[in-house]
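What follows is one structure encoded as structure tokens, with my remarks underneath.
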Amino acid sequence: SGPDIMRTLLQARCPAEARFQPRAGSSYWTLCTALSVSYRAGRRTFLSAFGYHIWGATPLLSAAMFSNTLEAQALLEYRADVWSKNSRGASAMELPAVFGGGSILSLHVG
């Protein structure tokens with residue numbers, strides 16, 4: 001399951017604060033850039049919001065975007081920073097509201 005995979009990666013010392021930074025010119029970079037431009041142009045869909053907010057996102061920010069509370073809980077167990085911000089200045093505490101999901105505030109233990 002997602003939380004078990006997350007815990008396995010964290011136990012293997014994968015950084016909980018790793019940031020999403022695709023290589024310029026890659027297919028993923030092109031897709032996220034196009035979605036981000038669409039979001040900034042006022043086309044506010046879930047997908048365009050993802051393209052806009054994924055830049056500089058940590059695993060916890062990604063979990064918050066998709067309201068993956070079980071994955072978020074696993075990351076919080078490993079002291080992921082709930083106040084860490086993506087490249088757009090949004091934190092895991094703020095992103096669920098952008099994506100129409102529930103808050104992870106109830107999961108925050110410290």
Side-chain angles (χ1 to χ4, degrees):
S1 72
D4 292 332
I5 293 168
M6 188 68 61
R7 284 186 185 92
T8 299
L9 290 169
L10 292 165
Q11 288 168 357
R13 303 209 189 282
C14 291
E17 297 300 317
R19 300 215 173 252
F20 174 80
Q21 296 297 341
R23 185 177 45 83
S26 69
S27 297
Y28 207 52
W29 180 89
T30 303
L31 174 64
C32 290
T33 298
L35 291 170
S36 181
V37 168
S38 177
Y39 183 86
R40 287 190 307 247
R43 289 180 226 107
R44 303 292 166 98
T45 66
F46 185 91
L47 198 53
S48 69
F50 171 79
Y52 182 79
H53 284 287
I54 193 64
W55 299 97
T58 64
L60 183 60
L61 287 160
S62 296
M65 282 189 248
F66 291 98
S67 296
N68 290 334
T69 55
L70 296 175
E71 286 83 354
Q73 182 64 48
L75 287 157
L76 291 170
E77 288 170 13
Y78 283 83
R79 302 271 193 217
D81 183 2
V82 296
W83 297 110
S84 180
K85 296 184 183 276
N86 64 11
S87 297
R88 307 298 185 192
S91 74
M93 301 301 275
E94 300 162 324
L95 282 177
V98 172
F99 289 87
S103 173
I104 64 165
L105 181 60
S106 61
L107 300 177
H108 181 53
V109 292

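Index from 1, following the sequence.
The two residues S84 and L61 have their closest heavy-atom pair at O-CD2, 3.9 Å. Closest approach of A92 to A64, counting heavy atoms only: O-CB, 3.5 Å. Looking at every heavy atom in both residues, Y39 comes nearest to S48 through CB-O, 3.4 Å. What you find for N86 and W55 is that their closest heavy atoms are CB-O, 3.4 Å. Across all non-hydrogen atoms, the minimal contact from E71 to A63 is CB-CB, 4.3 Å.
The shortest side-chain heavy-atom distance between M65 and I54 falls under the 4.5 Å cut-off. At a threshold of 4.5 Å between non-hydrogen side-chain atoms, the residues L75 and L10 count as touching.
Residues passing the side chain to side chain donor-acceptor pair (under 3.5 Å) test with D4 are S1, sequence neighbours excluded. For the salt bridge (Lys or Arg N to Asp or Glu O under 4.0 Å) test, no residue two or more places apart in sequence or in another chain qualifies with E17.
One finds the CD atom of Q73 at 12.5 Å from the CE atom of M6 (value rounded to the nearest 0.5 Å). Rounded to the nearest 0.5 angstrom, K85 NZ and H53 NE2 are separated by 11.5 Å.
A single hydrophobic cluster is not seen to contain both F66 and L70; linkage of ILVMFWY side chains at heavy-atom distances under 4.5 Å, directly or through other members, places them apart. Placement of F20 and L95 within a single hydrophobic cluster is found when ILVMFWY residues are connected by side-chain heavy-atom separations under 4.5 Å, directly or transitively. When the side chains of ILVMFWY residues are joined at heavy-atom separations under 4.5 Å, either directly or via intervening members, M93 and V98 end up in two distinct hydrophobic clusters. Y78 and L9 fall into different hydrophobic clusters, where Ile, Leu, Val, Met, Phe, Trp and Tyr residues are linked whenever their side-chain heavy atoms come under 4.5 Å apart, directly or through other members.
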Could you pull out every donor-acceptor pair under 3.5 Å between side chains of residues 22-37 and any protein atom, sequence neighbours left out?
from : atom 1 : to  : atom 2 : distance (Å)
S26  : OG     : R23 : O      : 2.8
S26  : OG     : W29 : N      : 3.1
T30  : OG1    : S26 : O      : 3.0
T33  : OG1    : W29 : O      : 2.7
S36  : OG     : R40 : NH1    : 3.1
S36  : OG     : R88 : NH2    : 3.0

**Report entry** Audit row: L60, V82, side chain to side chain contact (heavy atoms under 4.5 Å, CB included) steps and yes/no
**Finding:** CA-CA 7 Å; L60 183 60; V82 296; 3.8 Å; yes
Report task. Take S87 and R19 through the side chain to side chain donor-acceptor pair (under 3.5 Å) test and state the conclusion after the steps. Result -> CA-CA 9 Å; S87 297; R19 300 215 173 252; over 6 Å; no
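Ring-centre distance between F99 and F50: not below the 6.0 Å cut-off.
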